[in-house]
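Only heavy atoms go into these numbers, but all of them, side chains included; no hydrogens, no water, no symmetry mates. Numbering of ligands and ligand atoms starts at 1, following listing order. Everything numeric here is computed off the predicted structure, so don't read it as measured data. By convention here, the first residue in the shown sequence is residue 1.
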Amino acid sequence: KKITIAIDGFSSCGKSTMAKDLAKEIGYIYVDTGAMYRSVTLYALRHNLFNADGTIREKELQEQMKNINISFQLNKDTGRPDTYLNGENVENDIRTMEVSSHVSPIATLAFVRKALVEQQQRMGAEKGIVMDGRDIGTVVFPHAELKIFVTASAEVRAQRRYDELKTKGMEADFSDILKNVQERDYIDSHRETSPLRKADDAIELDNSHLTIAEQKKWLYDQYCK
Ligand code: C5P
């Protein structure tokens, strides 16, 4: 019998790698909700919806939400879903430092969260889904059969993001990344609308000292229980 698996945690803690691998192994759909908040952010950057001081032109963004269409399509080479914004593959464009440094303020906006949460709930209407984010176990699927909350030290997480960007041949500076990870942790866990927190019934995993293979096995074991 298929279930819903909710994986939440801090920025760059490796949840998406775990979640993608598990989904592939057990034949479930994988949804990266961070990619959706990043896509709205990319749209806002491209349409000049940020003021020079970094604040968001909220009213304009709210009016344009109906023009923002986010979807996922399996990439045959990587075997993983790529993110599409209005039909364009933006999988790499949404991972830049520019997007990373603007996404958390976008994710504080209640109308953005409402629109994305509704889409996420539609995507997960049928069981057999692994979804990762910040509010999946608390807000999107409070009745998920399996909930995981992942943590790791900020330094370990920054190093992982650094390695990931380098592997993709993208620009990366370790201290900038560490600062960004810490800023997002703060904004994500202090915002008014669905702040990042562990659901009461989530199982916590601190993966600071685990290899990818060990995390994968740990998650698979939780699924089998
Ligand atoms: O997971 P990722 O680091 O790509 O997410 C980018 C940002 O999107 C987070 O820092 C957070 O501000 C926001 N986010 C969120 N709720 C989610 C997923 C992501 O607020 N479910």
What is the nearest protein non-hydrogen atom to [atom], stated with its residue, atom name and distance?
{"atom": "atom 13 (C) of ligand 1", "answer": "A107 CB, 3.7 Å"}
{"atom": "atom 18 (C) of ligand 1", "answer": "T33 OG1, 3.3 Å"}
{"atom": "atom 4 (O) of ligand 1", "answer": "R38 NE, 2.7 Å"}
{"atom": "atom 6 (C) of ligand 1", "answer": "R184 NH1, 3.4 Å"}
{"atom": "atom 12 (O) of ligand 1", "answer": "D188 OD1, 2.6 Å"}

Can you find an N or O of [X] that's nearer than 3.5 Å to an N or O of ligand 1?
{"X": "R95", "answer": "no"}
{"X": "R134", "answer": "yes"}
{"X": "D135", "answer": "yes"}
{"X": "D32", "answer": "no"}

With no hydrogens and no angle check, do the side chains of [X] and [Y] hold a donor and an acceptor under 3.5 Å apart?
{"X": "Y43", "Y": "Q64", "value": "yes"}
{"X": "D188", "Y": "S104", "value": "yes"}
{"X": "R38", "Y": "S100", "value": "yes"}
{"X": "Y30", "Y": "D132", "value": "yes"}
{"X": "R134", "Y": "T33", "value": "no"}

NZ/NE/NH1/NH2 to OD/OE distance under 4.0 Å, K217 and D221: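 So K217 pairs with D221 through a salt bridge.
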R80 bridged to E91 by N-O distance under 4.0 Å: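 Here R80 does not pair with E91 in a salt bridge, since their nearest N and O are not under 4.0 Å apart.
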Sub-4.0 Å atoms of ligand 1 with respect to non-hydrogen atoms of S104: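 Once the distances to S104 are compared, the set is 10 (O), 12 (O).
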For Y37, atoms of ligand 1 separated by under 4.0 Å from a heavy atom: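 The atoms of ligand 1 under 4.0 Å from a heavy atom of Y37 are 8 (O), 14 (N), 15 (C), 16 (N), 17 (C), 18 (C), 19 (C), 21 (N).
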Any donor-acceptor pair under 3.5 Å from K198 side chain to F149 backbone: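 Here the side-chain-to-backbone pair does not exist.
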Contact check, R191 vs ligand 1, heavy-atom distance below 4.0 Å: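 Yes, that is the case, since the closest heavy atom of the residue is under 4.0 Å from the ligand.
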Ligand 1 contacted by R113 (non-hydrogen, < 4.0 Å):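 Checking ligand 1 against R113, which is what was asked, there is a heavy-atom contact under 4.0 Å.
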Worked check of side chain to side chain contact (heavy atoms under 4.5 Å, CB included) between K127 and E145: CA-CA 10 Å; K127 303 249 167 200; E145 289 85 352; 2.7 Å; yes
